Participant: 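Sharing a structure here in structure tokens format.
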2 protein chains.
Amino acid sequence: MGPIPKRRLPVMADVAKEAGVSHQTVSRVLNDHPNVRADTRARVEAAITRLGYRRNLVARALVTRRSRTLGVVSFDTTLYGPASTIYGIEQAARTAGYFVSIVSLKSIDAASVRDAIDYLTEQGVDGVVVVAPQHSASQALESLPTGTPAVAVEATHRADIPVVRIDQAEGARMATRHLLGLGHETVWHVSGPAGWLETEGRLQGWREALEAAGRPVPEPLAGDWSPRAGYEAGRSLAAMDGVTAVFAANDQMALGVLRALSEEGVKVPGQISVVGFDDIPESAFFSPPLTTVRQDFDVVGRHCIEMLLRQIDAEPGPAERLIVPPGFVVRSSTASTAAAAG
Amino acid sequence: MGPIPKRRLPVMADVAKEAGVSHQTVSRVLNDHPNVRADTRARVEAAITRLGYRRNLVARALVTRRSRTLGVVSFDTTLYGPASTIYGIEQAARTAGYFVSIVSLKSIDAASVRDAIDYLTEQGVDGVVVVAPQHSASQALESLPTGTPAVAVEATHRADIPVVRIDQAEGARMATRHLLGLGHETVWHVSGPAGWLETEGRLQGWREALEAAGRPVPEPLAGDWSPRAGYEAGRSLAAMDGVTAVFAANDQMALGVLRALSEEGVKVPGQISVVGFDDIPESAFFSPPLTTVRQDFDVVGRHCIEMLLRQIDAEPGPAERLIVPPGFVVRSSTASTAAAAG
DNA sequence: CCGCAAGATGTGGTCGGTCATGTCTCAAGC
DNA sequence: GCTTGAGACATGACCGACCACATCTTGCGG
């Protein structure tokens, strides 16, 4: 036996020859058209397995103008939120028979988002979901050519692009009301970085809940989602007088706050109650286990795909806006002031 | 004005007509060939921007037989390790001008890995990186047609597929030696789930370090990477006598251990020292901050792409095996037994 | 002023599928 | 027996790029 001849992969014509039919019939079998006799179909299928034929989706995409690939633009896929959202997106897309091509940005200016979308468009994606909840990203969507199926997570300025978002303000309200309900006079807030839609939604909900209860609104401490930022905010908080309740804009920062307070000898929830946002898998095991707002990222991802596919398949109707309600998980990082006093 | 005519996107021929040249010249400008006169080039470029032309990469892929897309198969992209690795992969791929198509598996049997690879191959990816460090995945790679550029993270049975991996055993040895060096008689281990290569590497390193020092090797407690599993292991450990040092196979489980010990009133590191593995961003802020083995996932991702591209561009040489050394970060969850005694 | 090589540009075929259309067979209906 | 029509299959054009090769320009030496 000589060396195996380096032959190219079999194509449809090869299968056709092998089965003694035309390439068109092979195509019909592949796309299971009704008008193929059972024995012909069997012969073709046998030829396919015999040759190990795989259809070339690139060629198919060229003529159908459908790549069956969806593009995802995201910011920092290392964070729990984006990672989970993308996971949901990928699962839903694949069960629908779509591929997912991902671009994760390290910088969040409008230009890079635009570039990313261009890049994906050039590749011929059938639609795009943008998971970059910053103003800059939201602006970048404006330059998207009309008619390109797209879905935004959190928000966009464009009225013709559907949006899936979690009700951030409501989550913040739940957190704040919970603390107020425990008897705290007011609630301090460690916010996310500027420019993020989540940051604003959570700030707004927190402020609203405070104002609705006629409580003073302390100056928020700005963080950047990292545990370190939370830690620094925690140290400042510990040094201040009269702080009894803190609402951190995410669980990682809440962890930092917890750490700082523990180092300063401040008891949680004895002296200060802490609430987070996200419900990452770790938060149930913080010291103490964290009371937090639950976000269902999975659900967000699935809805994105649903809405995107609807746009691709159907005629464009009015752009939907889907708002996913957050949940609230009470654990041991919050307590009533009565208990604290006692 | 009537409705805007629904015109298709401009193609090369349109640009050619607009610029008064042939499509071939447009192609030459696009691929910046040398033999085009400067003014012709300028005219073509002007036409391109005027028409808003974007080259159709699908058509290009059909004839060049290069999709400039890389496939990634991964298990649970929600976990910090895979997520970070994929992030590194994506960044490196994009700077090299490649797209990344991701398939994340929810079940880890060989069949699904095989399906995923098939799926990607059909789509015409130029290469595949498999980030599924389980035996099953490793086995699935065996059926990969020879000649398909591929890289495995952690391991594979195939000698012709390059591997990038972090030296798990060495990391475990570092952790164990560190604890032994602090005077602990032996070290308990909370391991990962069966079937994972990391689980085995870490078990092996831990056992080796113990045996090298002539210490007894306790029965490991099996976990599943989750904080909850760590928590349960922690409770068992707290109920046992003579436990002074615990090495958890990842940081999340270490967190669970920490939590359980704290609930049982066991002081860390006063009575028991705990070491983790991964160095997730949170671990520096655990209570107490976690001593752990640092894995450079980013670096792994980058190396994967480097090796994959080398395979795609160059002739296949011998398969490389790259072993990335782990780091070790000492924080406050470990202490010497002397201190504990005192 | 011609020849000729190098440079600039055009022509047609090709990648591997799908789609529209055409041909052929065969049974039902008059 | 002949039309008719539907089912089964084949043929050729086409998607939009790249590539090999042909052709037309140039510039320069003799």
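What you see is a predicted model, and the numbers here were worked out from it, not measured in a lab. Reminder, nothing fancy here: chain letters follow the sequence lines and each chain counts from 1.
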Participant: Does OP1 or OP2 of D/dG16 have a side-chain N or O of B/R55 closer than 4.0 Å?
Facilitator: no
Participant: What is the distance from NE2 of B/H33 to P of C/dA6, rounded to the nearest Å?
Facilitator: 19 Å
Participant: Counting any heavy atom closer than 4.0 Å, what does B/V21 reach on the DNA or RNA strands: base, sugar-phosphate only, or nothing?
Facilitator: sugar-phosphate
Participant: I want to verify a distance call: between C/dC19, D/dA17, C/dT11, whose nearest atom is closest to the B/H23 side chain?
Facilitator: C/dT11
Participant: Using whole Å, what does the distance between atom P of nucleotide D/dC18 and atom CG of B/L57 come to?
Facilitator: 9 Å
Participant: Does the A/R165 side chain pair with the main chain of A/I323, one donor and one acceptor, at a distance under 3.5 Å?
Facilitator: no
Participant: Considering heavy-atom distances to DNA chain C, does A/A59 or B/Q24 have its closest nucleotide positioned more toward the 5' end?
Facilitator: B/Q24
Participant: I need the CZ-C1' distance between B/R68 and D/dC18, as an integer number of Å.
Facilitator: 15 Å
Participant: Could you state the CG-P distance from B/L9 to D/dA17, rounded to the nearest angstrom?
Facilitator: 10 Å
Participant: For the pair made of CG in B/D32 and P in D/dC18, what is the distance, rounded to whole Å?
Facilitator: 12 Å
Participant: Quick check: does any side chain N or O of B/R158 sit under 3.5 Å from a backbone N or O of B/L144, one acting as donor and the other as acceptor?
Facilitator: yes
Participant: Toward the 5' end of DNA chain D, which comes first, B/R54 or A/N35, by nearest nucleotide?
Facilitator: A/N35
Participant: Looking at A/R65, does any N or O in its side chain come under 4.0 Å of the phosphate oxygens OP1/OP2 on D/dG16?
Facilitator: yes
Participant: Taking the side chain of B/T25 as its heavy atoms from C-beta onward, which of D/dG16, D/dG7, C/dG10 lies nearest to it?
Facilitator: C/dG10
Participant: For A/S22 and for B/R28, locate the closest nucleotide of DNA chain D by heavy-atom distance; then report the residue assigned to the nucleotide nearer the 5' terminus.
Facilitator: A/S22
Participant: Round to the nearest Å and state the distance from B/D39 atom CG to D/dT25 atom C1'.
Facilitator: 13 Å
Participant: Can you see if the side chain of B/Y53 gets near the phosphate of D/dG16 - specifically, an N or O under 4.0 Å from OP1 or OP2?
Facilitator: no
Participant: Return the minimal non-hydrogen interatomic distance between B/R94 and A/L105, and the atom names on each side.
Facilitator: NH2-CD1, 4.2 Å
Participant: Report the nucleotide, chosen from C/dA8, D/dC18, D/dC9, that has the shortest atom-to-atom distance to any side-chain atom of B/T40.
Facilitator: C/dA8
Participant: Name the residue from A/T85, A/V131, A/L322 that meets the side chain to side chain contact (heavy atoms under 4.5 Å, CB included) definition with A/V300.
Facilitator: A/T85
Participant: Is A/R37 near enough to D/dA8 that one of its side-chain N or O atoms lies under 4.0 angstrom from OP1 or OP2?
Facilitator: no
Participant: A/Y98 and side chain to side chain contact (heavy atoms under 4.5 Å, CB included): which single residue from A/D126, A/I89, A/T69 fits?
Facilitator: A/D126
Participant: Examine D/dC15: is either OP1 or OP2 under 4.0 Å from a nitrogen or oxygen in the side chain of A/T64? Give yes or no.
Facilitator: no
Participant: Have a look at B/V58 and say if it touches a base, only the backbone sugar-phosphate, or nothing, with a 4.0 Å heavy-atom cut-off.
Facilitator: nothing
Participant: Below the 4.0 Å mark, does D/dC18 have OP1 or OP2 next to a side-chain nitrogen or oxygen of B/N31?
Facilitator: yes
Participant: Kindly say whether A/G88 contributes a backbone atom to a donor-acceptor pair with the side chain of A/R302 at under 3.5 angstrom?
Facilitator: no
Participant: Could you tell me how far apart B/L62 (CG) and C/dT14 (P) are, to the nearest whole angstrom?
Facilitator: 14 Å
Participant: Taking atom C1' of D/dG16 as reference, at what distance in whole Å does atom CZ of B/R60 sit?
Facilitator: 12 Å
